[in-house]
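In this text, all values refer to a predicted model and were calculated from it rather than measured experimentally. The chains referred to below are lettered A, B, ... by the order of the sequence lines, with proteins before strands, and numbering in each begins at 1.
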Amino acid sequence: MDETNTLIEQRRAKLTALRAKGLDPFRSKFSPKDACAGARANYVEGREVWVAGRVTAHRDMGKSMFIDVRDQTGRLQVYAQKNVLGEEKFEIFRHLDLGDFIGATGSLFTTKTGEISVRLTSFVILAKALRPPPEKWHGLADTEIRYRQRYLDLIANPEVKEIFLKRSQIVWEIRNFLHDRGFVEVETPMMQAIPGGAAAAPFVTHHNALGCNFYLRIALELYLKRLLVGGLDKVFEMGRNFRNEGLSRKHNPEFTMLEAYQAYGDYETMMELIQSMIGHVAQTVLGTLVIEHKDPTGQVTRTIDLTPPWRRIKYKDLVRERAGADWFDLTPQARRERAVSLGAEIAKEYEDFEVTQAVFEKLIEPTLINPTFVTHAPKQLIPLAKLSADDPETVEVFECCINGQEIAPAYTEQNDPIEQRERLAHQAGGEKQKLDEDFLVALEHGMPPAGGMGLGIDRLCMMLLGQESIRDVILFPQLKPR
RNA sequence: GCCUCGGUAGCUCAAUUGGCAGAGCAGUUGACUCUUAAUCAAUUGGUUGAAGGUUCAAGUCCUUCCCGGGGCACCA
């Protein structure tokens, strides 16, 4: 991003020249009556159209010239002729730069090669681009520029634009689905005195007037449960969480989470909800329940079948299936050795249940491509869920894994305030995080039994849109400032 | 934080063993009134991420740093 180079100087000189002619390309207003795609779709030979957009290509024929104009809906070819525009305007037109915005008026016609085009009668320059766009054929490949200057990526790489338009539809359809089921959308604090609902490292900020620190939320959970106490029986929030952790293909420091709670439901209610919701989104946005991921050459690398019903399997059974039927009969030391021999990295300080969890996360989860509800996790992993009636060492939860990733955890929510206090206190261990007394007081007022779930929207988009990196489904992923 | 790969013209990429930094697109000029990666002719454009070092000579080798990709660690 040099401040000057010859290309920028030339464009500035063109701007100066236009102004010398009394044309200010940044002052014009133009009200297009047609979108580019609409002009093509409603083709009538000779119909007058007003379109506006960015000049993305030009083909100079001497006394006539073709340009491509592009708006959000697509591309439209404009044909300019010297004998129609007149010498002076045609010269201005001929010196338009790639990237300039123009408004164009003319009549629709079809070229002899069959392309619907506009025979230009007049035009105005709506904005002059003072910097050159990326190259037209190869697009923009530099990942750093693609992420830092996403607008260039959106201009140069149509498939990238398509991904973000699809993401918008996915979010839209999730809201549609939940609204149709009677859920109420709410907004809860992002700045929290005690960051609860998960065990991630938070970001800290300072409030000057109150003279205290706040944490950016790491989860939505505890505030949404307060609303269950308050009588909002079906609530959801879709919003940003912030976790002060490493970045990776699967992690961005700020990411979008959907959490939904349904009073009088349980984890099985949530299974149905997630299965139906993701099915609805896939069907409406993609038109299919069979998702194919492809490599750059178009080869299918992975197929995900979202057709219900999705597989359900207990955590322990899945571990036995993959790590040996005798896994839970081994001594803790033997489990540790088995885990290492299977290829898991086991830190010395891991407790026994963490050894099993490492095997699950590193060796099993990545293989769960088709949707799988992994139920009944060990209680140590999840302090906010109810114990299973038939196995009190486990909780009534599931982790919905798709595409080798955790997509959505869900619980039968713990609503026993005494039990909840003990579990949180035990987990806090006096240091990791403070107890959210205000939340525990809310539970003591009585929270209806409920099912709750969280859904990582970014990871859902990766799965549905075939993207390998979370950065490719977030418009402006986090990068180190230059 | 650690390991690893990368950074060359506005963009996409070359540059052999350490031996004159190049091409395509974009730009500029010229030709062409149905082109569409238009075509044809000519032409401009470089602090090779930054700073040091080795060498007669460094894009290339060495050191440090910056930024990015991938992996690891962290991550109920």
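- In this structure, A:Leu98 reaches the sugar-phosphate backbone alone: every heavy-atom distance under 4.0 Å involves primed, P, OP1 or OP2 atoms, never a base.
- Taking atom C1' on both nucleotides, B:U43 is separated from B:G22 by 16 Å, rounded to a whole Å.
- Comparing the same atom, P, in B:A42 and in B:A9 gives a spacing of 25 Å after rounding to whole Å.
- The residue A:Lys250 sits apart from the nucleic acid: no heavy atom pair falls under 4.0 Å.
- A distance of about 40 Å separates the P atoms of B:G24 and B:C65, rounded to the whole Å.
- Here A:Arg119 lies in heavy-atom contact (under 4.0 Å) with a base.
- At the heavy-atom level, A:Asn244 lies nowhere under 4.0 Å from the strands shown.
- Within 4.0 Å (heavy atoms only), A:Asp60 reaches at least one base atom of the nucleic acid.
- Within the nucleic acid shown, A:Leu140 comes within 4.0 Å of sugar-phosphate atoms alone, with no base atom in reach, counting heavy atoms only.
- Considering only side-chain N and O atoms, A:Lys112 lies nowhere under 4.0 angstrom from the phosphate OP1 or OP2 of B:C34.
- Of the residues near RNA chain B, A:Arg59 and A:Arg11, the one whose nearest nucleotide (by heavy atom distance) lies more toward the 5' end is A:Arg11.
- Between A:Arg94 and B:C32, a side-chain N or O to OP1/OP2 separation shorter than 4.0 Å is absent.
- Comparing B:G10, B:C75, B:U33 by their nearest atom to the side chain of A:Glu245 picks out B:C75.
- Checking the phosphate oxygens (OP1, OP2) of B:A38, a side-chain nitrogen or oxygen of A:Lys136 falls inside 4.0 Å.
- Ring-plane geometry between A:Phe123 and A:Phe93 is classed as perpendicular, the angle between the planes exceeding 60 degrees on a 0 to 90 degree scale with a lower cut at 30.
- A:Phe109 comes within contact range of at least one nucleobase, with a heavy-atom separation under 4.0 Å.
- Here the options are A:Phe353, A:Trp327, A:Tyr315, the test is ring-ring contact (aromatic ring centres under 6.0 Å, His included), and the partner is A:Phe360; only A:Tyr315 passes.
- Residue A:Lys14 places its side chain closer to B:G27 than to any other of B:C72, B:G27, B:G71.
- For A:Gln77, the side-chain atoms get nearest to B:U35 when compared with the rest of B:U35, B:C75, B:C11.
- Taking only side-chain nitrogens and oxygens, A:Lys480 comes nearer than 4.0 Å to OP1 or OP2 of B:C67.
- Between A:Phe242 and A:Phe203, the angle of the ring planes goes over 60°, which puts this pair in the perpendicular group of the 30/60° scheme.
- As judged by a 4.0 angstrom heavy-atom cut-off over every strand, A:Tyr147 is placed among residues touching the sugar-phosphate backbone only.
- Using a 4.0 Å heavy-atom distance criterion, A:Leu479 is classed as a sugar-phosphate-only contact.
- Counting any heavy atom pair closer than 4.0 Å across all strands shown, A:Pro383 reaches a base atom.
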